[in-house]
Visitor: 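Here's a structure for you.
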Amino acid sequence: MSRRTLWPLLLRAGAFGSLHGGHPGDPAVGLTVPIESAADFAATLEMLNAQGVKATLLVSLTASHECADDLWRAVQAGHEVAGWNGPIQPTRLEALSGQPVRYWALAASSQTGGALRKLRQAGIAPLPAPAREAAPGALLRVPLADLRAVLPDLKARGYRAVPAGELRDLRPAEPRDLLHHLYQRVVEDRYAQREGIIDLPAGSTR
């Protein structure tokens, strides 16, 4: 097993203080949206505000330079700011947003021992790989390109999208969460194989 494969599994098991999700009986999902640029920032806020939805904005270092004035206003509007990929510089995000950075998301290609140890030392919880689909208490990562379609779909299905930090009973991951995830994958894959279902490579909430 390669290190690139190992890190996501370790995060699902709670390594480096990673999180799992919220209460499985609460129809709320933790909505996170990666922000790579000023254009992403403006478009994301426009869509979220139009739907009356608050989210966790995963802000890259590049975007933080371009959107310095907007970060504080986003927090005042009820959004949460978290980090996205590297370099890991939480103090900059905190200074611009006026809000402590409690969470950080790393794409699979950015998950390294060095990055995860740096988050641990800073007291920041890494977010695990996002849920494959909406479920009570799940953490979702929705790219900007899918946001317009996902927001009304969540509402139609009875889910309430909230910032990750507002999930009821958000908790650290545990080894049993990894075992449950692996069991689910085995069951889902066997069902898909039996029914001839094609798993699309880029689902909107993955």
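Throughout, numbering of the chain's residues begins at 1 and tracks the sequence. Note that the structure is predicted; figures quoted are calculated from it, not measured.
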Visitor: Going by atom type alone, with no hydrogens or angles, which donor-acceptor pairs under 3.5 Å involve a side-chain atom of residues 10-23 and a protein atom two or more places apart or on another chain?
Guide:
residue: Arg12; atom: NE; partner: His181; partner atom: NE2; Å: 3.4
residue: Ser18; atom: OG; partner: Leu11; partner atom: O; Å: 2.3
residue: Ser18; atom: OG; partner: Ala15; partner atom: O; Å: 3.3
residue: His23; atom: ND1; partner: Gly25; partner atom: N; Å: 2.8

Visitor: Can we say Arg157 and Asp153 salt-bridge, meaning some charged N sits less than 4.0 Å from an Asp/Glu carboxylate O?
Guide: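 A salt bridge is present here (some side-chain N lies under 4.0 Å from a carboxylate O).
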Visitor: If you round to the nearest 0.5 Å, how far is CH2 of Trp84 from CG of Leu58?
Guide: 6.5 Å
Visitor: Could you tell me if the side chain of Leu57 sits less than 4.5 Å from the side chain of Val75, heavy atoms only?
Guide: no
Visitor: Go through the steps to decide whether Leu154 and Val53 satisfy the test side-chain contact (heavy atoms from CB on, under 4.5 Å), and finish with yes or no.
Guide: CA-CA 11 Å; Leu154 289 174; Val53 173; over 6 Å; no
Visitor: With clusters defined by side-chain heavy atoms of hydrophobic residues (ILVMFWY) lying less than 4.5 Å apart, directly or transitively, does Leu6 cluster with Leu179?
Guide: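 No, Leu179 does not connect to Leu6 through the hydrophobic network.
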Visitor: For atom CZ of Arg171, is the number of surrounding heavy atoms from other residues, nucleotides or ligands below 6.0 Å larger than 12?
Guide: yes
Visitor: Working to the nearest 0.5 angstrom, can you tell me the gap between Lys54 NZ and His79 NE2?
Guide: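 Nearest 0.5 Å value for the NZ-NE2 distance: 5.5 Å.
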Visitor: Holding to side chain to side chain donor-acceptor pair (under 3.5 Å), I want the full list of residues that pass it with Trp104, two or more places apart in sequence or in another chain.
Guide: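 Partners of Trp104 by the side chain to side chain donor-acceptor pair (under 3.5 Å) criterion come out as none, since no residue qualifies.
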Visitor: Say you draw a straight line from CG of Leu178 to NE2 of His180; how long is it, rounded to the nearest 0.5 Å?
Guide: 11.0 Å
Visitor: What residues form a side-chain contact (heavy atoms from CB on, under 4.5 Å) with Ser37, not counting sequence neighbours?
Guide: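 Here the qualifying residues are Ala39, Asp40, Glu66.
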Visitor: Do the non-hydrogen side-chain atoms of Asp70 and Phe41 ever get within less than 4.5 Å of each other?
Guide: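 Contact flag for Asp70/Phe41 side chains = yes.
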Visitor: Donor-acceptor check, side chain of Asn49 to backbone of Glu46, threshold 3.5 angstrom: yes or no?
Guide: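 No: the side chain of Asn49 does not pair with the backbone of Glu46.
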Visitor: Evaluate the side chain to side chain donor-acceptor pair (under 3.5 Å) criterion for residues Asn85 and Ser110: first the C-alpha distance (whole Å), next the side-chain angles of each, then the deciding distance (0.1 Å), finally the verdict.
Guide: CA-CA 6 Å; Asn85 283 336; Ser110 298; 3.2 Å; yes
Visitor: What pairs with Leu61 under side-chain contact (heavy atoms from CB on, under 4.5 Å), at least two apart in sequence or on another chain?
Guide: Ser64, His65, Pro87, Gln89, Arg92
Visitor: Show me, pair by pair, the donor-acceptor contacts under 3.5 angstrom made by side chains of residues 93-102, not counting sequence neighbours?
Guide:
residue: Glu94; atom: OE2; partner: Val101; partner atom: N; Å: 3.0
residue: Ser97; atom: OG; partner: Leu93; partner atom: O; Å: 2.7
residue: Ser97; atom: OG; partner: Gln99; partner atom: N; Å: 3.2
residue: Ser97; atom: OG; partner: Gln99; partner atom: O; Å: 3.4
residue: Gln99; atom: OE1; partner: Val81; partner atom: N; Å: 2.8
residue: Arg102; atom: NH2; partner: Glu80; partner atom: OE2; Å: 2.9

Visitor: What I want to find out is whether Arg141 reaches Asp146 closely enough, with some N-O distance under 4.0 Å, to be called a salt bridge.
Guide: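 Result for this pair is no, no salt bridge flagged.
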Visitor: Working to the nearest 0.5 Å, report the span between CD1 of Ile35 and OG of Ser60.
Guide: 8.5 Å
Visitor: Not counting sequence neighbours, which residues clear side-chain contact (heavy atoms from CB on, under 4.5 Å) with Glu166? List them please.
Guide: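 side-chain contact (heavy atoms from CB on, under 4.5 Å) check on Glu166 returns Val162, Pro163.
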Visitor: For a quick test of reading the model, state the closest non-hydrogen atom pair linking Ala55 to Leu48 and the distance between them.
Guide: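 Ala55 and Leu48 have their closest heavy atoms at CB-CD1, 3.9 Å.
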Visitor: Would Val33 and Trp72 show up in the same hydrophobic cluster when neighbours are defined by side-chain heavy atoms closer than 4.5 Å?
Guide: no
Visitor: Atom OG1 of Thr112 and atom NZ of Lys118: how far apart are they, to the nearest 0.5 Å?
Guide: 10.5 Å
Visitor: Can you give me the closest heavy-atom contact between Leu140 and Ala131, atom names plus distance?
Guide: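 It is CD2-CB, 4.0 Å.
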Visitor: Only one of Leu31, Thr56, Leu167 passes side chain to side chain contact (heavy atoms under 4.5 Å, CB included) with Leu139; say which it is.
Guide: Leu167
Visitor: I want to check something: taking the side chain as every heavy atom from C-beta on, are Leu45 and Arg73 in contact at a cut-off of under 4.5 Å?
Guide: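 Not touching, per the 4.5 Å side-chain cut-off.
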Visitor: How close do Pro24 and Pro136 get, heavy atom to heavy atom, and via which atoms?
Guide: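 Heavy atoms only, the tightest pair is O-CB, 3.1 Å.
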Visitor: Is the closest side-chain heavy-atom distance between Thr32 and Pro130 below 4.5 Å?
Guide: no
Visitor: Which distance, rounded to the nearest 0.5 Å, do you find between the CG of Asp169 and the CG of Asp26?
Guide: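 Going from the CG atom of Asp169 to the CG atom of Asp26 covers 8.5 Å.
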